[in-house]
Amino acid sequence: MEFTDKGWTTTDIGRLFRIPERIKSQKTLVNAEERGEIPIASRILRGKIPVRQWTIGQLPAIGEKFGFLAKPNSQKIICIYTPKGGVLKTSFAYNLARILALNGIKTLIIGLDFQCSITNYSLTREPVDSIDKMPTKMFGLYHYFSEKLNDIKQIILKTSLPTLDILPEVPEIFALDKKLRLEPRREYVFIDKFMGQLNNYEVIIFDNSPSWNQLVENSLTASNVVLSPMGCEPESFEALQTNFEIIFEFQKALKLNWEHFIQIPTLLEKTNISQQIYAAYLNLYGNRVVPFPIRRSVTGQDARVLKHSVIEQDPSSPLAQDYYDAIRNIWERLN
Ligand SMILES: Nc1ncnc2c1ncn2[C@@H]1O[C@H](COP(=O)(O)OP(=O)(O)O)[C@@H](O)[C@H]1O
Ligand SMILES: [Mg+2]
């Protein structure tokens, strides 16, 4: 059984949303349930005492009231992009999306990586024992264009959270990149062809591959915020000194007016070199850097295997603390 399928008690939910830190009364959830302000929990007998348990799907309605992130003041379209692989782009995109959704914020992930990382991360597949039970073919953005569908919602899939949907990558996305190169206004195809149909989402998050392509250009053009994770390790440091230029040259050429360009230090270690690189990032990029780095930790890999966010995995882990701090900081900047 997956962790996300377990029932969530008042204590679990208190830890997930850090309720005791922010709200005094111990009985808040119970009172809210009795007043009909949050969904009704089922009762599980522990010995002779009935204990309240909520399902994962009920959490966003609770998070909307008791979470730590308020609703955004306008639609946020966030492009996650760093011209470097392995710096936690996909991990950060997924954790951000899931944490927003847990707080009751209606969120859509759009996967744009040829490796289909965030799609594999987001969607759980039941194990199958016969070919008849294999999942039907998944449709993605490529099919939206090649089959000339006119409703983008036809290819959007649901996740275990009612507030989180995904527009999945399919391997054919590679061909879409090629196709877009031949289109007129090729950097504006997303805006021209489907972004307007997604107004019901409060937040849209694009997860990109590290290599520069038409999908990266389209997502940068369609977004009002760019989030760029940077690894605190020598390989990333070396690459990023020059690689960031490509983003700013593109921004200049297209006169893009992002509200925010935010850089997030990731993979921080206790070693001297890692700490020095973090300090160098702060020095080079100043206020654009989130002063709450995401540490290198196996909890990140574990959460990924189980397909939930780090804060669901273990809300009291140091890595969960990093995500709480970084995401709260980013959210304050955006709102
Ligand atoms: N906090 C962490 N520390 C170390 N490794 C992590 C952490 N979080 C995730 N990982 C692992 O790091 C690898 C690269 O992360 P990923 O998000 O795919 O990077 P990118 O999308 O930038 O290529 C993945 O295998 C992932 O499971
Ligand atoms: Mg990735």
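For clarity, every value in this text was computed on a predicted model and none was experimentally measured. Just follow the structure's listing: the first ligand is 1, and inside any ligand the first atom is 1.
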Write out the residue and atom name of the closest protein heavy atom to [atom], then the distance separating them to 0.1 Å.
atom: atom 11 (C) of ligand 1; answer: Gln301 CG, 3.7 Å
atom: atom 19 (O) of ligand 1; answer: Leu88 N, 3.2 Å
atom: atom 23 (O) of ligand 1; answer: Gly86 N, 2.8 Å
atom: atom 1 (N) of ligand 1; answer: Arg295 O, 3.0 Å
atom: atom 26 (C) of ligand 1; answer: Arg304 NH1, 3.6 Å
atom: atom 9 (C) of ligand 1; answer: Ser91 OG, 3.3 Å

Using heavy atoms and a threshold below 4.0 Å, how should the contact between [X] and ligand 1 be classified: side chain, backbone, both, or neither?
X: Leu267; value: side chain
X: Thr266; value: neither
X: Lys89; value: both

- Message: Any nitrogen or oxygen of Gly85, side chain or backbone, less than 3.5 Å from one on ligand 1?
- Response: no
- Message: Please tell me whether Ile77 and Tyr94 are part of a single hydrophobic cluster in this structure, the criterion being side-chain heavy atoms less than 4.5 Å apart.
- Response: no
- Could you tell me whether Glu187 and Lys255 have a side-chain N and a carboxylate O separated by less than 4.0 Å? no
- Query: Near Leu319, which atoms of ligand 1 are under 4.0 Å from a heavy atom of that residue?
  - Reply: 1 (N)
- How are the rings of His143 and Phe139 set relative to one another: parallel (under 30°), tilted (30 to 60°) or perpendicular (over 60°)? perpendicular
Pair [X], [Y]: side-chain N/O donor-acceptor within cut-off below 3.5 Å:
X: Ser316; Y: Asp314; answer: yes
X: Arg304; Y: Gln313; answer: no
X: Asn218; Y: Thr221; answer: no

- Item | Close approach, Ser297 and ligand 1, non-hydrogen under 4.0 angstrom | yes
- Answer yes or no on whether Arg22 is positioned over the face of Phe68, meaning its NZ or CZ is under 6.0 Å from the six-membered ring centre and within 45° of the axis. no
- Message: Could you check whether Arg288 makes a cation-pi contact with Tyr285, meaning its NZ or CZ is under 6.0 Å from the centre of the six-membered ring and within 45° of the ring axis?
- Response: no
- Task: Using a distance threshold of 4.0 Å (strictly less than), state whether atom 13 (C) of ligand 1 has a protein heavy-atom neighbour.
- Result: no
- Message: Please determine whether Gln115 has a backbone or side-chain N, O or S atom lying under 2.8 Å from the Mg ion (ligand 2).
- Response: no
- Item | Single hit among Leu96, Ile330, Asn224 for side chain to side chain contact (heavy atoms under 4.5 Å, CB included) with Ile78 | Leu96
